[in-house]
Amino acid sequence: MATIELFNTLGGKIETLSPVDQKALRMYCCGPTVYDYGHIGNFRTFLHVDVLRRVIRQQGIPVQHVMNITDVDDKIIRNAGAAGVPIAQYTEKFERAFFEDLDALAIERPEYISHATACIPDMVSLIEQLAAKDIAYKAEDGSWYFRIARFPEYGKLSKKDFDGIEDGARVDIDEYEKDAARDFALWKAVKPGEQSWDTTLGTGRPGWHIECSAMATKFLGDDIDLHAGGEDLMFPHHENEIAQSESASGKPFVRHWMHVRFLLVEGKKMSKSEGNFYTLRDLLLKGYRASAIRFLLISVPYRHQMNFTFDSLIESTNAIDRLRTFHQRMLKGGFPHGCDQALSLLTGEARMAYTIALANDLNTAEARAAIFDLVRAANTAADTGMLRSENVTEIIGVLQLFDGVFAVLEDRDAAITRAALAWAEAEGRLDEAAPELVATLSFSDADIDALVAERTQAKKTRNFARADAIRNDLLQKGILIEDSKDGVRWKRK
RNA sequence: GCACCGAUGGCGAAGUGGCUAACGCGCUGGUCUGCAAAACCAGUAUUCAUGGGUUCAAAUCCCAUUCGGUGCUCCA
């Protein structure tokens with residue numbers, strides 16, 4: 001069984017990631033809080049987790065992956081209240097949007113998707129286990145808290161030292177309900193007008209941290225192989241999960257922690273006040289392709305802070321076009337039989353370099369480079385007549401390997417953008433869409449094919465003026481025509 | 001304030017002690033083409049924020065400085 005080397009936040013170094021039961025890698029990834037549309041920062045994390053699971057499976061290891069949907073929390077309650085709808089109705093819309101966005105970005109569905117509101121009994125049971133050990137305690141208002149003083153290892157993930165804070169010598173007057181300032185909520189007592197559950201703990205709703213502990217354990221057991229999330233979740237969220245789960249089970253909760261670093265947008269932290277905050281849908285409406293967004297967000301390795309810019313989005317678009325053009329060239333066939341040994345060797349080297357790069361802490365940048373090296377070598381061979389059919393078979397095999405992780409070769413972009421436009425129309429936000437986008441997509445494939453055929457006919461009669469007029473006209477609408485030896489092809493820019 | 005991370009060509013970005021500093025995009029010239037596009041070829045950082053140090057050897061290790069980022073109340 002193959003393995004990959006992956007940085008482990010817990011040990012602070014690169015360690016081998018492998019399933020402890022030798023059967024399947026059991027992993028948990030913190031999912032979305034469905035109170036709004038997902039932004040590109042959210043998706044950078046989900047995309048890199050997607051890369052991880054694709055790489056693991058490519059190495060022959062099955063994955064058991066759980067993702068939670070947080071469908072009750074402060075922001076949801078606030079927003080649903082403002083909208084005047086029940087929280088279930090409010091979250092349903094954004095959850096559906098979230099899954100549409102995952103599909104647009106070719107992010108695979110985890111094996112288990114679990115709603116917080118469907119696992120309340122599991123959370124209550126976990127809190128009761130902690131209460132039985134006097135680690136959870138009930139405050140005057142009916143909320144339950146975790147007693148951090150009872151978990152000496154608190155801070156081991158984020159490498160924080162809380163000595164002096166948990167002495168108990170000082171008690172914050174404002175926090176009279178809690179025994180210590182750092183203690184965090186496990187269960188929040190009901191407030192007027194809020195959705196609540198009647199349980200043996202009292203009437204209320206779960207805290208955020210307990211959700212993940214309960215759901216990870218429910219589906220994967222007490223000790224799991226890997227837990228992933230954005231870097232900001234390391235503290236306090238993941239630290240609290242460890243405290244809860246390990247206090248309850250008495251065992252190490254997670255062997256391997258993976259944290260994806262934040263991205264910057266145009267050199268700055270993405271925030272609404274900076275005016276550089278983008279959801280996936282914002283970018284689709286601006287005319288950027290879903291495939292380019294995926295490719296860009298995964299091209300920078302997950303442990304590096306990446307700078308998201310519109311220039312680099314265009315770069316990704318062009319890079320994908322190069323890959324797709326090359327892929328089509330290989331699929332077209334018609335190459336002479338046989339095998340060019342030198343190229344075969346290069347193909348094997350590219351495959352090796354690609355595999356090693358990903359196994360080395362998911363170095364997507366190097367993996368990508370290995371593929372482009374192969375593309376250039378094969379294009380050169382094709383141009384000089386050295387490319388043979390057996391080479392093509394090998395090359396397509398490497399491309400499939402590459403696409404098994406990067407998932408950008410299939411062109412679904414027009415359909416995804418159309419869906420985004422339909423959504424914008426339904427939401428009354430069509431004015432946010434780039435005008436040329438609407439024009440380009442209003443042209444059906446059949447319309448374009450007809451015009452392309454007319455141009456080809458004009459060319460045959462050497463009516464180049466007419467042919468060029470059609471080409472320019474289509475170009476104005478964002479459609480690019482390419483004449484090649486084996487016929488005419490077109491694509492949307 | 002405390003802690004941590006980063007700074008590589010026009011842009012994005014690999015590389016963390018030793019061949020001519022990957023790869024992509026862009027740009028310039030050439031080949032091909034009716035013209036384009038695609039593709040290929042050639043060129044595009046004597047140099048890796050700045051200063052100092054260690055070493056036979058440093059983008060890579062150490063120190064300082066400057067700048068950028070993150071965490072320190074549930075923001076991926």
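By convention in this document, chain letters (A, B, ...) are assigned in the order of the sequence lines, proteins followed by strands, and residues within each chain are numbered from 1.
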| Where does the angle between the aromatic ring planes of A/Phe184 and A/Phe146 fall among parallel (under 30°), tilted (30 to 60°) and perpendicular (over 60°)? | parallel

Restricting to nitrogen or oxygen on both sides, can you table the protein-nucleotides 1-11 of chain B pairs closer than 3.5 Å?
unit_1 : atom_1 : unit_2   : atom_2 : d
B/C5   : O2'    : A/Arg261 : NH1    : 2.6

| query | With sugar-phosphate meaning primed atoms plus P, OP1 and OP2, does A/Phe372 contact a base, only sugar-phosphate, or nothing at under 4.0 Å between heavy atoms? | reply | sugar-phosphate

| Less than 5.5 Å between centroids and less than 30° between ring planes, does A/Phe46 satisfy that with B/A76? | no

| query | What is the nucleic acid contact for A/Asp483, judged by heavy atoms within less than 4.0 Å: base, sugar-phosphate only, or nothing? | reply | base

| message | Just to be sure I understand the rule, does A/Asn318 reach a base, reach only the sugar-phosphate, or reach nothing, if contact means heavy atoms closer than 4.0 Å? | response | sugar-phosphate

| request: Looking at every strand, decide which applies to A/Pro236 at a 4.0 Å heavy-atom threshold: base, sugar-phosphate, or nothing. | output: sugar-phosphate

| Can you tell me how far C1' of B/C75 sits from NZ of A/Lys269, to the nearest Å? | 6 Å

| message | Over all strands shown, is A/Ser484 touching base, sugar-phosphate only, or nothing at heavy-atom distances under 4.0 angstrom? | response | nothing

| query | Roughly how many Å is it from CD in A/Gln244 to C1' in B/C74, rounded to a whole number? | reply | 12 Å

| field | Along RNA chain B (nearest heavy atom to each residue), the more 5'-positioned of A/His304 and A/Thr325 | value | A/His304

| said: Categorize A/Ile371 for me: base, sugar-phosphate, or nothing, with a 4.0 angstrom heavy-atom threshold over every strand shown. | reply: nothing

| query | Under 6.0 Å between ring centres, would you say that holds for A/Phe98 and A/Phe94? | reply | no

| message | Taking any heavy-atom pair under 4.0 Å as a contact, classify A/Asp73: base, sugar-phosphate, or nothing. | response | nothing

| For B/C35, which nucleotide in any strand shown is its Watson-Crick or wobble partner with both distances under 3.5 Å? | none

| query | Toward the 5' end of RNA chain B, which comes first, A/Ala370 or A/Arg462, by nearest nucleotide? | reply | A/Ala370

| message | Applying a 4.0 Å non-hydrogen cut-off, can you work out what A/Lys459 is touching in the nucleic acid: base, sugar-phosphate, or nothing? | response | base

| request: Pick the C1' atom in B/A76 and in B/C19, then give their distance to the nearest Å. | output: 41 Å

| message | Measuring only the C1' atom in each nucleotide, how far is B/C62 from B/U70? A whole number of Å is fine. | response | 25 Å

| note | Re B/C2: Watson-Crick or G-U wobble partner, both distances kept under 3.5 Å, found to be B/G71

| message | Under 4.0 Å, counting only non-hydrogen atoms across every strand here, what does A/Ile481 touch: a base, just sugar-phosphate, or nothing? | response | base

| message | Over all strands shown, is A/Val300 touching base, sugar-phosphate only, or nothing at heavy-atom distances under 4.0 angstrom? | response | sugar-phosphate

| Which is true for A/Lys188 with a 4.0 Å heavy-atom rule: it touches a base, it touches only sugar-phosphate, or it touches nothing? | base

| Is it the case that A/Asn68 and A/Thr70 place a side-chain donor and acceptor less than 3.5 Å from each other? | yes

| task | Describe the nucleic acid contact of A/Asp373 in one word from base, sugar-phosphate, nothing, applying a heavy-atom distance below 4.0 Å. | result | sugar-phosphate

| said: Measuring only the C1' atom in each nucleotide, how far is B/G12 from B/U55? A whole number of Å is fine. | reply: 34 Å

